[in-house]
Novice: 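One structure is given below, represented as structure tokens, and several questions about it will come after.
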Amino acid sequence: MTEEKNIAKVYDPKLFEKKWYSFWEDNRLFHAEAEEDKTPFSIVIPPPNVTGQLHMGHAMDNTLQDILIRWRRMQGYNTLWMPGCDHAGIATQAKVEESLRKEGISRYDLGREKFLERVWAWKEKFGNRIMSQLRSLGSSCDWERQRFTMDEGCSRAVREVFVSLYEKGLIYRGTRITNWCPHCNTAISDIEVDHKTEQGHLWHIRYPLAEGGGYIEIATTRPETMLGDTGVAVHPEDERYRDVVGKMVVLPIVGRKIPVFADEYVDREFGTGAVKVTPAHDPNDYDMGERHNLEQIKVIGNDGTMTDEAGKYASMDRYECRKKIVEELKSLGVLSSIEEHEHSVGHCSRCNSTIEPLVSEQWFVKMDTLAKPAIEAVRDGRIQFVPERFSKIYINWLENIRDWCISRQLWWGHRIPAWYCDDCGETIVSRDDIDTCPKCGGKHIRQDEDVLDTWFSSGLWPFATMGWPDDTRELRHFYPTSVLVTGYDIIFFWVVRMVVMGLEFGKDIPFRHVFIHGLVRDDQGRKMSKSLGNGIDPVEVIDKYGADTLRFMLVTGNTPGNDLRFYWNRVESARNFANKLWNASRFMMMNLEGFDGSFVPCGDDFTLEDRWILSRYAKTVEGVTENLEKFELGEAARAIYEFIWSELCDWYIELVKPRLYAKDGGDASRMTAQYVLAYVLEHTLRLLHPFMPFITEELWQHLPHEGISIMAAEWPSGEANRIDEDAERCMTAIMDTIKAIRNMRAEVGAQPGKKSEAAISLSDETLRDVFASHEIYFKNLADVEPMTIMNDGDEHPRNALTAVSGGVTSYLPLKGLIDVEKESARLKKELENIENEIKRTTAKLNNENFTAKAPAAVVEKEKAKKEEAEAKRGTLIARMEQLKAMA
RNA sequence: GCGCUGUUAGCUCAGUUGGUUAGAGUAUCACCUUGACAUGGUGGGGGUCGCAGAUUCGAUUUCUGCACAGCGCACCA
């Protein structure tokens, strides 16, 4: 026949995935224009790091987004998926510095300008890698609009936001205690610090009173910081220390006199109840220092070594210093004891170094006023988290937010638009670069050396990518975006900042839904990580199994907000599904001969199986659409899987074969079968397309269709009139009976394919007619021939196995081969089950509370169950007696 | 310390307003290469839904407590 017949026997994604992606892109099927008469649906991609490469988390995140995007696009929405990547300040700079290190130089050897040239070159080299990997996954992003967080537009947006917040007094510069990473050599924000429990020590040290003898004993986990102590705190109501409050103590080693004071912060139960206070190196001490006007003495420098303030310990490493200090305290006789002590220590979330809290001059965003509208937007439901539970985490965090340290001592990033005049000391924050002091006209002006936290620009992503601060058509049409899809691990980093910035500058929420997913873990449930080496490269999976397989694997069994384990056998399962669909379609194509595309069957042409599959298909459409609306993508995928495999393939195709194989092609029965099969298959491919875009396109192109791509086909809807409960009832009875007969045949080891006769007794007259007219089902699917439909008075066949399901009793005569004992035992077991069922239903129905309070439909259902069970019991008992007589 | 999530078949997980004898994938056992597919088909075995209470006619589902596992936040110097 046609070339279709030569379609590969086995699903091989390599043969068509690249081809279709280019086809889509060449035909600009991903592109969206802001057209005001259309309903928009938009998503901005969580921008991956510019020098990163696709990992499993990206693969899942983008699969979920692409499913939503493709589905809404088919539904007719004006659909935009905005792609792009993030400059990722620290991460990228660290990578380039690492490559410099291999050349034996540091960024300081190059200088800022040359170094940045290297980073931009690096960005050019690797920047497109992840974007092409996203393409291989099938992501239908509008690549014509691709953005970068440091492109011209984003840079302008960053400046505008910074200056505007500064002018509103919401950005300020101050000398405060911040988290300092000695390795990355920069300040970092609170959420970039991971607290880990570590085994340490609690050193008890005696600080002698300056006058009158005696001492106060303090406990510390960080003895080296004592060099910077400027006070000792106790609780105001602590009797033990009532007399020492207000007195001075002499700091050992240093000899400095420092005050003992009272502060509510101190926990009387902990340690000795007396705390050494180092305002320059501990956040709580810093706060106490502010309250009590204590001096800040910075003894640990930015590089993690001791400063000149540390006297003889200057330039010593902080941990080496700790050892030496302890030794010296011991020799001075003021170290009274050392306890084992478990405590939590902050680590840099990037490099895992121990964080050093220290005082430095940084830029901050004042968060309290900005946080309020962001909380309100979620509280009042303008923004909805999916699943809902994450809104609580979000709100709770925002309610306790502290100011955000936004300056980073890096070179790669948005440089802070602040200038300092050396002539008059003025600080100028400006949208444009300046070289003259607007106040004194001086030329000795220098820009702030620092750059902004990466998340500062990411926070503007939803509106900066739409052209803000200009009032663009994109902004008006696609903003607020419809949904944000991301992992729960960056709610604080990113989601919160976008909402804050969106409300403040985008003048609206940035998105209506936040669809949160979990992490992809390895087969042991561990986080995939570089250090463990347990990561699985999605590109490798795509190479081996195809993008559709990977996507389907990532979405099936995926529940919103929950983690997903990666199993190769789940990959194989998804691949097998693709192969199943492939072959079902191939079957269809092999049987299209003589099919006239213009043929439309009329009501009478549809057979029972046609009506049944169309009904099942209609219900599938409803289920899939509903689940997608609820972001239950895994459930939606499962529903399609089940329909295709368990209904379309297992039953419909098998039932319809005789009609397709019929010699006299061109008759209505055969053409109707072709029509229904083509219809259901083509529409099911549409349902599946958002999940498996490539295979569905490839197959769709082989089938009779309209339009250039399945991408542009309409999402199925309005199928409710095809729901046919009567057909479903009949088919269910038939399928149950076929299964029962297969079961009996397997039980006695009947040779597959060898026909055996069967007798069927039905209480329902309608069903009796249906069964009688569909003997061929039983012949082809249960190897029954001939089949007798028994009349009411007929005696049960004697040497026969019996199966009862619903109101149908099937007998499988065995002509003397029956093992009476075995069969009796089997029936006895079945009888036990049915007795239990009767007992259960009877008890339920005798319970007046039940019959009175349960809904009538439930009671009726229960009654029917009981009657059916009783009928079945009657049949079973009759059979058992018959068997007894034979023995 | 506060909070969240999970606990369902050997394994991994679904189970959407409380209502048949609780499902799937995978693994396992038996049989079958039949003219879409062995990446397949047919059939079987396998679960007192973590424990204890409460509400209800009825709880895997709602509530409370507990246990175990995991996570987040805060943090004791």
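So that the names make sense, note that chain A is the first sequence line, chain B the second, and so on, each numbered from 1. Since we're looking at a predicted model, the values are computed, not measured.
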Novice: Does this structure show an ion pair linking A/Lys872 with A/Glu837, if we count only N-O contacts that are shorter than 4.0 Å?
Specialist: no
Novice: Under 4.0 Å from any atom of RNA chain B, heavy atoms only: list the residues of residues 218-227 of chain A that qualify, in numerical order.
Specialist: A/Ala219, A/Thr220, A/Thr221
Novice: For nucleotides 23-25 of chain B, tabulate all protein N/O to nucleotide N/O atom pairs closer than 3.5 Å, reporting atom names and distance.
Specialist:
residue	atom	partner	partner atom	Å
B/G25	O2'	A/Ser573	OG	3.3

Novice: Kindly confirm or rule out a cation-pi arrangement of A/Lys657 over A/Phe587, judged by NZ or CZ under 6.0 Å from the six-membered ring centre and within 45° of its axis?
Specialist: yes
Novice: Just verifying a value: how many Å separate A/Ile695 CD1 and A/Phe552 CZ, rounded to the nearest 0.5 Å?
Specialist: 10.5 Å
Novice: Indicate, with yes or no, if the rings of A/Phe566 and A/Trp568 have centres closer together than 6.0 Å.
Specialist: yes
Novice: Provide a list of protein-nucleic acid N or O atom pairs under 3.5 angstrom, restricted to nucleotides 54-57 of chain B.
Specialist:
residue	atom	partner	partner atom	Å
B/C57	OP1	A/Lys853	NZ	2.0
B/C57	O2'	A/Asn847	ND2	2.8

Novice: Using a cutoff of under 3.5 Å, can you pull out all pairs of nitrogen or oxygen atoms linking the protein to nucleotides 39-44 of chain B, with atom names and distances?
Specialist:
residue	atom	partner	partner atom	Å
B/U39	O4'	A/Asn576	OD1	3.0
B/U39	O2'	A/Asn579	ND2	2.6
B/U39	O2	A/Arg575	NE	2.9
B/G40	OP1	A/Asn576	ND2	3.1
B/G40	O3'	A/Lys580	NZ	3.1
B/G41	OP1	A/Lys580	NZ	3.1
B/G41	OP1	A/Trp645	NE1	2.6
B/G44	OP1	A/Asn743	ND2	3.2

Novice: Categorize A/Glu860 for me: base, sugar-phosphate, or nothing, with a 4.0 angstrom heavy-atom threshold over every strand shown.
Specialist: nothing
Novice: Which stems, defined as runs of 3 or more consecutive Watson-Crick or G-U wobble pairs with both pairing distances under 3.5 Å, involve RNA chain B?
Specialist: B:1-7 with B:67-73, B:10-13 with B:23-26, B:28-32 with B:40-44, B:50-54 with B:62-66
Novice: Tell me, do A/Thr549 and A/Pro13 make a side-chain contact under 4.5 Å, heavy atoms counted?
Specialist: no
Novice: Taking only residues at least two apart or on different chains, which pairs with a member in residues 733-748 of chain A satisfy side chain to side chain donor-acceptor pair (under 3.5 Å)?
Specialist: A/Arg745-A/Ser756
